[in-house]
Amino acid sequence: MEKPPTTTASKSYWRWSKQDFFPEPSFQTAKTYGTAISNIGPRLKDRLLNRSTDSHELIDLPNASENRMRRCLTAWDLTWLAFGSVVGSGIFVITGQEARLHSGPAVVISYAVSGFSAILSALCYTEFAIDIPVAGGSFSFLRIELGDFIAFIAAGNIILEALVGAAGLGRSWSSYFATMVKSDADFFRIRVNSLAEGFNLLDPLAVAILLITNGIAMSGTRHTSILNWISSIVTTLVIVFIIVVGFMHSKTTNLVPFFPYGVKGVFTSAAVVYWSYTGFDMVATMAEETKNPARDIPIGLIGSMSMITVIYCLMALALVMMQKYTEIDKDAAYSVAFVSIGMKWAKYLVSICALKGMTSSLLVGSLGQARYMTQIARSHMIPPFFALVHPKTGTPVNATLLITICSAAIALFSSLDVLSSVFSISTLFIFMLMAVALIVRRYYERESTSKTDLMKVVMCLAVIIGASAAGAALWSSEGLGWVGYTVAGGVWFLATLVLSFLPKQRSPKVWGVPLVPWLPALSIGTNLFLMGSLGSEAFYRFLICTGVMLVYYFFVGVHATYDVDHQNIPESKVAEGVEAGTNQGLLYQQLS
């Protein structure tokens with residue numbers, strides 16, 4: 001039985017005072033808040049320059065949770081957590097949609113391209129998670145290397161990714177269950193004609209499954225992990241069945257034409273099916289609860305992602321060979337495909353497997369998303385109330401409840417195609433930032449790097465990002481053809497080559513990404529390229545969401561984090577709220 005972690009606070013976990021949400025001096029009275037707003041310029045400059053440290057994220061911030069999370073996970077747990085989170089979160093959901101609408105049989109190549117990009121990102125996550133094993137994952141890593149402001153933008157997108165990802169899985173769960181009952185993905189949904197298209201099918205079943213899975217995740221990390229790996233082994237057996245039977249009933253004629261929508265359709269699908277690979281970053285957020293991060297995280301992350309890429313390509317190939325792409329059901333592809341070859345009974349097996357896979361993804365996703373939220377709250381970018389860890393379960397119950405309520409509200413209204421495009425661009429953006437952060441970590445050490453060397457690194461990174469973005473824009477607009485792609489690729493290559501000759505300032509503590517800067521630079525390029533393959537609507541939604549995040553940051557986040565870094569909150573207020581953290585004024589002076 002899982003033992004609760006040591007309790008460091010005697011006060012009740014369930015408390016709701018103003019000090020639990022806003023203990024910082026700027027929010028004590030209308031006058032102090034007005035003063036804070038009037039100083040937005042200097043404070044914003046401070047946040048732009050401020051960078052956290054490894055020790056601050058590892059030692060100081062966890063104190064804000066009052067109770068520590070328990071180290072209870074092994075490499076075995078992490079491998080199956082990654083498998084459970086990823087498999088089911090996309091292959092049963094997006095494959096049919098993309099094969100039918102954008103790529104045809106070439107969806108197999110789309111999965112291979114996305115898998116390659118995901119493995120590059122997994123390498124970056126692995127190095128950071130070993131060096132800095134905290135619950136914050138990419139948020140903490142970016143806060144250390146790229147600064148407080150960039151970390152907030154990432155944090156906002158992490159939260160968006162968490163909410164949209166959970167909502168999308170809830171809707172997909174509902175679709176598959178409906179096809180088991182009555183071959184109609186919308187059977188349990190309620191149409192409201194007065195609402196806009198894409199938001200007019202209410203899904204109460206999706207809300208119910210989100211409430212159930214998040215409730216299980218709140219009960220304890222170890223319990224959830226055991227349930228996940230047992231069910232994931234069953235999923236693996238069913239996946240083997242799907243692949244074998246799919247190839248037994250395959251027709252090579254279904255692969256013709258292989259590129260019905262052209263090469264552009266392949267990369268459009270690659271950007272969307274990236275959703276199928278998301279979830280592995282959740283393993284990085286479990287580092288704080290891992291017994292031996294240096295050994296267990298590389299096995300759990302890199303090993304599982306390599307295996308999953310192969311599985312995805314085989315499953316996609318089995319689907320498009322079993323059924324003509326024009327006949328694939330975009331909502332419940334595998335179930336309907338088995339019906340089309342006369343194996344009606346297999347429809348139920350596939351649907352049960354898909355439901356189990358998506359349930360595991362929701363379980364693991366709830367664990368990881370809540371830990372992201374916990375570390376973000378520890379930094380006071382959102383109210384520290386959500387950083388609290390429950391003394392009995394050892395889980396961040398408040399953060400999990402916040403994720404549950406918000407994702408359930410989104411799942412009730414939003415259709416799958418709307419959710420998947422927003423989710424993909426947010427995820428790709430964060431993964432691109434992670435590759436940039438890894439290069440900064442290797443080539444910049446604040447105490448020893450000269451300004452000249454720093455400017456060289458910044459210029460190389462700017463050219464790499466610019467060339468990658470230009471190549472993606474040319475691909476999306478179909479301008480200049482292969483001449484434009486060659487020029488953009490050549491500039492990317494030269495900038496990376498110059499960067500490779502600059503002196504590295506830091507070596508990994510235990511395990512590091514090989515071929516730096518080439519692999520992280522390639523990760524930057526592939527993520528930006530996949531972002532460029534998404535439609536303009538995805539960018540509009542992304543920009544609108546980012547704009548809303550910035551409004552919150554200017555009026556709340558910048559002042560809360562500034563207070564924590566530059567002032568000591570009185571002990572009487574700490575007792576009522578959450579521990580504020582340490583003063584980093586010295587760090588600001590160094591960076592200035």
Next item on the list: Show your working on side chain to side chain donor-acceptor pair (under 3.5 Å) between W80 and S225 and close with a plain yes or no.
Entry: CA-CA 8 Å; W80 289 109; S225 175; over 6 Å; no

SB check [X] [Y] (cutoff 4.0 Å):
X	Y	result
D148	R51	no
R441	D54	yes
R43	D565	no
E288	R378	yes
E289	R371	yes

Margin query: According to side-chain hydrogen bond (donor to acceptor under 3.5 Å, both in side chains), who are the partners of T546, at least two apart in sequence or on a separate chain?
Written below: none

Drop me the distance from [X]'s [atom1] to [Y]'s [atom2], to the nearest 0.5 angstrom.
X	Y	atom1	atom2	result
S140	I376	OG	CD1	8.5 Å
L412	R171	CG	CZ	8.0 Å
S138	I430	OG	CD1	5.5 Å
I94	S172	CD1	OG	6.5 Å
T53	D60	OG1	CG	7.0 Å
H390	N67	NE2	CG	9.0 Å

Notebook entry, point to check: Are T35 and K31 linked by a side-chain donor-acceptor pair shorter than 3.5 Å?
Noted result: no

Note to self: Can you confirm whether the side chains of S17 and D20 place a donor and an acceptor under 3.5 Å from each other?
What the structure shows: yes

Margin query: Parallel, tilted or perpendicular: which one describes the rings of F431 and Y274, with boundaries at 30° and 60°?
Written below: tilted

Next item on the list: If the plane angle is over 60° it's perpendicular, under 30° parallel, otherwise tilted; pick one for W14 and W16.
Entry: parallel

Next item on the list: Assess whether side chain to side chain contact (heavy atoms under 4.5 Å, CB included) is satisfied between V436 and L461, documenting all intermediate values.
Entry: CA-CA 8 Å; V436 172; L461 272 173; 4.2 Å; yes

Margin query: Could you go through F152 and R47, starting from their C-alpha distance and side-chain angles, then the distance that decides it, and tell me whether this counts as side chain to side chain contact (heavy atoms under 4.5 Å, CB included)?
Written below: CA-CA 10 Å; F152 171 79; R47 297 295 86 199; over 6 Å; no

Note to self: Let's go through D46 and H566 carefully: what are the C-alpha distance in whole Å and the side-chain angles of both, what is the deciding distance for side chain to side chain donor-acceptor pair (under 3.5 Å) to 0.1 Å, and is it a yes or a no?
What the structure shows: CA-CA 10 Å; D46 176 86; H566 293 282; 2.9 Å; yes

Note to self: For a quick test of reading the model, state the closest non-hydrogen atom pair linking Y372 to D281 and the distance between them.
What the structure shows: OH-OD2, 3.3 Å

Item checked: Worked check of ring pair (Phe, Tyr, Trp, His ring centres under 6.0 Å) between Y312 and Y277 -> CA-CA 9 Å; Y312 275 4; Y277 290 97; 5.0 Å; yes

Next item on the list: Check whether more than 12 heavy atoms from other residues, nucleotides or ligands sit under 6.0 Å from atom CZ of F555, and answer yes or no.
Entry: no

